[in-house]
Amino acid sequence: MPDNVDADTFNQLRETVQRFVAERLVPNEMRVEIEDDIPEEIVQEMRDLGLFGLTIPPDYGGIGVNARQEVQLAQIFGHTALAFRSLLATNIGIGARGLIFEGTQEQKQQYLPAMASGELISAFALTEPDTGSDPASLTTRAVRDGDDYLISGTKRYITNARRAGLFTVMARTEFDRPGADAISAFLVPADLPGLTIGKKDRKMGQRGTTTSDVMFDNVRVPASAIIGLTPGRGFRLAMRVLDRGRIHIAALATGMCDRLIREMVGYARERRQFGKAIAEYQLVQAMIADSYTDYRASKALVEETAGIYDAQGAARTEASAAKYFATEAVGRVADRAVQVHGGAGYMSEYAVERFYRDVRLLRIYEGTSQIQQLLIARQILKGE
Ligand SMILES: Cc1cc2nc3c(=O)[nH]c(=O)nc-3n(C[C@H](O)[C@H](O)[C@H](O)COP(=O)(O)OP(=O)(O)OC[C@H]3O[C@@H](n4cnc5c(N)ncnc54)[C@H](O)[C@@H]3O)c2cc1C
């Protein structure tokens, strides 16, 4: 895919995002942790900078960065509390991408400009109470009723559900056969009768990001709410959306490795034990060196994968490998960062304690590490 955004414009955008992260987001990390919410003035600044529309094509009011450009920006967002990126993430990624990939012109016109401006937040509703790693067995039903469908079921852990104005909902439209071909992707406005949002989940980390259940009780939508209008394509579309999302998550993990190394190095230089800075001890240096190596390997892998995606329009196995490696790597780096901080690393006023909890999620959502291993092995054994 060619660059939608030319090099000069992109460099300016990158510098703007770098400045915004350093000057506005990093200083507000602790506030977000304590309040478990992102201050409204920061949300507005994100809108003003066009950040909700980073990956939405310019024809629909977005900036339209390609995968290589997106991974550079995602690495910058990885330098701060991951909740900030999470607020943008559904619009940049899983909430909007299905519509961008397969929506009709009319569907795109209806929703994408409002998503690009950040006026409309979208969410992606695939997971259910009994269906996580195996989404082909999901049970949310969409039953045909004249020109409409009636959707019933429960979706679980849906990011940004409480802020969302629109859900992309994967639901079963055929009931006499199991599996992927019986699932369709619906665009469901949040204000329809029968749609309710559960309470805010209490979770381990990424405070400031919210997830909730979303319940559908005979929610009536027209047949024209199916993305691309063709039923039965929803599962494959969801997998396509997640493939691209995995490159983004890998980039985010890579950026966070860099931040954690900076935190480690800063502390190791300052902290003195046995009469010397702990940075002078080789066992501490080994933790820094191993973390730097994890960081460089993640960076190389994710940037190469984004290049393949732009050249070929897909990078399934490579994206799984990048997500698997980079998210496991940031887990190791966060663990070492806490260790280098000693007792301070266990205390909430130090960023590494928060990041240690934040990064744990990266190995779980958008496909667990085990699911990435299965996907990689399956593709390789098929000879792809
Ligand atoms: C904070 C947060 C935000 C989320 N946001 C969203 C969202 O916006 N939209 C959405 O749809 N979902 C979202 N999710 C859901 C997330 O994608 C799922 O939690 C994830 O896919 C794992 O599913 P599960 O929790 O049901 O775990 P399970 O599938 O029950 O897995 C449990 C364990 O079993 C392992 N396992 C499962 N199957 C196999 C297998 N075949 N071989 C080997 N091991 C296996 C898994 O790797 C894992 O270790 C979110 C989750 C969280 C925690």
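In each ligand, atom 1 is the first atom listed, and ligand 1 is the first ligand listed.
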Quick one: ligand 1 N/O to protein N/O pairs below 3.5 Å?
{"from": "ligand 1", "atom 1": "5 (N)", "to": "Tyr157", "atom 2": "O", "distance (Å)": "2.8"}
{"from": "ligand 1", "atom 1": "5 (N)", "to": "Thr159", "atom 2": "OG1", "distance (Å)": "2.7"}
{"from": "ligand 1", "atom 1": "8 (O)", "to": "Thr159", "atom 2": "N", "distance (Å)": "3.0"}
{"from": "ligand 1", "atom 1": "8 (O)", "to": "Thr159", "atom 2": "OG1", "distance (Å)": "3.3"}
{"from": "ligand 1", "atom 1": "9 (N)", "to": "Phe124", "atom 2": "O", "distance (Å)": "2.7"}
{"from": "ligand 1", "atom 1": "11 (O)", "to": "Leu126", "atom 2": "N", "distance (Å)": "2.9"}
{"from": "ligand 1", "atom 1": "11 (O)", "to": "Thr127", "atom 2": "N", "distance (Å)": "2.9"}
{"from": "ligand 1", "atom 1": "11 (O)", "to": "Thr127", "atom 2": "OG1", "distance (Å)": "3.2"}
{"from": "ligand 1", "atom 1": "12 (N)", "to": "Thr127", "atom 2": "OG1", "distance (Å)": "2.7"}
{"from": "ligand 1", "atom 1": "29 (O)", "to": "Ser133", "atom 2": "N", "distance (Å)": "2.9"}
{"from": "ligand 1", "atom 1": "29 (O)", "to": "Ser133", "atom 2": "OG", "distance (Å)": "2.6"}
{"from": "ligand 1", "atom 1": "47 (O)", "to": "Thr368", "atom 2": "OG1", "distance (Å)": "2.7"}
{"from": "ligand 1", "atom 1": "47 (O)", "to": "Gln370", "atom 2": "OE1", "distance (Å)": "2.7"}
{"from": "ligand 1", "atom 1": "49 (O)", "to": "Gln370", "atom 2": "OE1", "distance (Å)": "3.4"}

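Follow the hydrophobic side-chain contacts under 4.5 Å out from Phe325 and you never reach Ile371; the two are in separate clusters. The cluster map of Ile, Leu, Val, Met, Phe, Trp and Tyr, joined by side-chain heavy atoms under 4.5 Å apart, puts Leu260 and Val284 in the same cluster.
Salt bridge annotation for Arg332-Glu328: absent, with no cationic side-chain nitrogen under 4.0 angstrom from a carboxylate oxygen. Using a 4.0 Å cut-off between charged side-chain N and carboxylate O, Arg163 and Asp37 make a salt bridge.
With hydrogens and angles left out, the side-chain atoms of Ser348 and Glu33 include no donor and acceptor closer than 3.5 Å.
Side-chain contacts under 4.5 Å among hydrophobic residues (ILVMFWY), followed directly or transitively, place Ile197 together with Tyr149, Ile151, Ile158, Phe167, Val169, Phe186, Val188, Leu192, Leu195, Val214, Phe216, Val219, Val221, Ile226.
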